[in-house]
Amino acid sequence: MHTNNAPRGDVPTPHADFAGLRRLDARAVGDSVALIRRMTPADLARPTPCSAWTLADLLAHMTAQHNGFAAAALGHGQELSHWSVGPLGEDPVAQYRDAAERVIAAFAAVESPDRAFTLPEITRTRTFPAARAIGFHLIDYVVHSWDVARTLDLAYAPGSELLGAALPIARAVPDGDFRLAPGSAFGPGLSVAGETGTLEKILAALGRSPDWRTPLSRDHHPGPVRGAAGPDTAS
């Protein structure tokens, strides 16, 4: 989630099963960790689908967002220091993994889907129910996992359950000219053919071109990320 003035607070609560929502969010985060583990230091300079961002920029953003959402889950989201994007450390993969584990643990400790989260990058005038806030986090890490996969020329195959939860969140994110503003979370939505797969529909709804490819290429044939996520069978 980039800094954004869009009315994202109008996105409906995405998942009736709060435990299931947290499980799917953890899966999306786990996929991102599996992808980040496959990068090398040289990859940090690669361009990404996020306009003007290198992989180093994207990884720093993803790490900071985990820290911010973890703080929000623990009742400290109003403190802007938790959301600040800092420099990558000597071991950015471990730094990212630690932040991912931190946010998953913080979400697991939230007992009620109505627990108030303060998300100052969206608004400082209201809070969000936990279920809605975790839905924001989930959609960010489905899309950012794809960003990383495309940057590294790797396949990304989240399961149909995760994609099924992510699609209505993506479609509910307001669209408009504000998405063209610097720092907007997503670009303007793109149109797709009716037979397009679920992941591609999510990406297009959030302004990502499913056809984006890194200008650089690797000398290997990438395989899918193995882990909690299986192949997408939804359409």
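Counting begins at 1 with the first residue of the sequence.
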Could you check whether any side-chain heavy atom of [X] comes within less than 4.5 Å of a side-chain heavy atom of [Y], counting everything from C-beta outward?
X: Arg124; Y: Gln78; value: no
X: His66; Y: Ile104; value: no
X: Glu161; Y: Arg23; value: yes
X: Met39; Y: Leu59; value: yes
X: Ser160; Y: Thr198; value: no

As an exercise, state the distance from [atom1] of [X] to [atom2] of [Y], rounded to the nearest 0.5 Å.
X: Trp146; Y: Leu199; atom1: CH2; atom2: CG; result: 8.0 Å
X: Asp91; Y: Tyr96; atom1: CG; atom2: OH; result: 14.5 Å
X: Ser32; Y: Arg27; atom1: OG; atom2: CZ; result: 13.5 Å
X: Arg46; Y: Leu55; atom1: CZ; atom2: CG; result: 8.5 Å
X: Arg213; Y: Arg150; atom1: CZ; atom2: CZ; result: 3.5 Å
X: Met62; Y: Leu58; atom1: CE; atom2: CG; result: 5.5 Å

**Report entry** Phe136 ring center within less than 6.0 Å of Phe128 ring center
**Finding:** yes

Query raised in the report: Taking the six-membered ring for Trp, are His137 and Phe107 ring centroids under 6.0 Å apart?
Result: yes

Query raised in the report: Where do Tyr141 and Asp31 land on the side-chain contact (heavy atoms from CB on, under 4.5 Å) test, with the steps shown first?
Result: CA-CA 8 Å; Tyr141 284 87; Asp31 287 346; over 6 Å; no

Where do [X] and [Y] come nearest, in terms of heavy atoms and distance?
X: Leu35; Y: Ser145; answer: CD1-O, 3.3 Å
X: Leu74; Y: Arg115; answer: C-NH2, 3.6 Å
X: Ala166; Y: Ile139; answer: O-CD1, 3.5 Å
X: Ala149; Y: Tyr156; answer: CB-CB, 3.6 Å
X: Ala45; Y: Thr54; answer: O-CG2, 3.9 Å
X: Pro47; Y: Trp212; answer: O-CH2, 3.7 Å

**Report entry** N-O pairing of Arg22 and Asp25 below 4.0 Å
**Finding:** no

Requested in this report: Would you sort out whether His82 and Phe69 count as a ring-ring contact (aromatic ring centres under 6.0 Å, His included), showing the intermediate values?
Outcome: CA-CA 8 Å; His82 294 299; Phe69 271 90; over 10 Å; no

Donor-acceptor pair, distance only, cut-off 3.5 Å: does the side chain of [X] make one with the backbone of [Y]?
X: Thr123; Y: Thr125; result: yes
X: Trp83; Y: Gly77; result: yes
X: Asp43; Y: Thr40; result: yes

Query - Same apolar cluster: Leu163 and Leu190, side chain cutoff 4.5 Å - result: no

Query raised in the report: Under a 4.5 Å side-chain heavy-atom rule over Ile, Leu, Val, Met, Phe, Trp and Tyr, are Trp53 and Leu152 clustered together?
Result: yes

Query raised in the report: Taking atom types as modelled, is there a side-chain donor on Glu90 or Gln95 under 3.5 Å from an acceptor on the other?
Result: no

**Report entry** Residues that Asp147 engages under side chain to side chain donor-acceptor pair (under 3.5 Å), provided they are two or more places apart
**Finding:** His144, Arg208

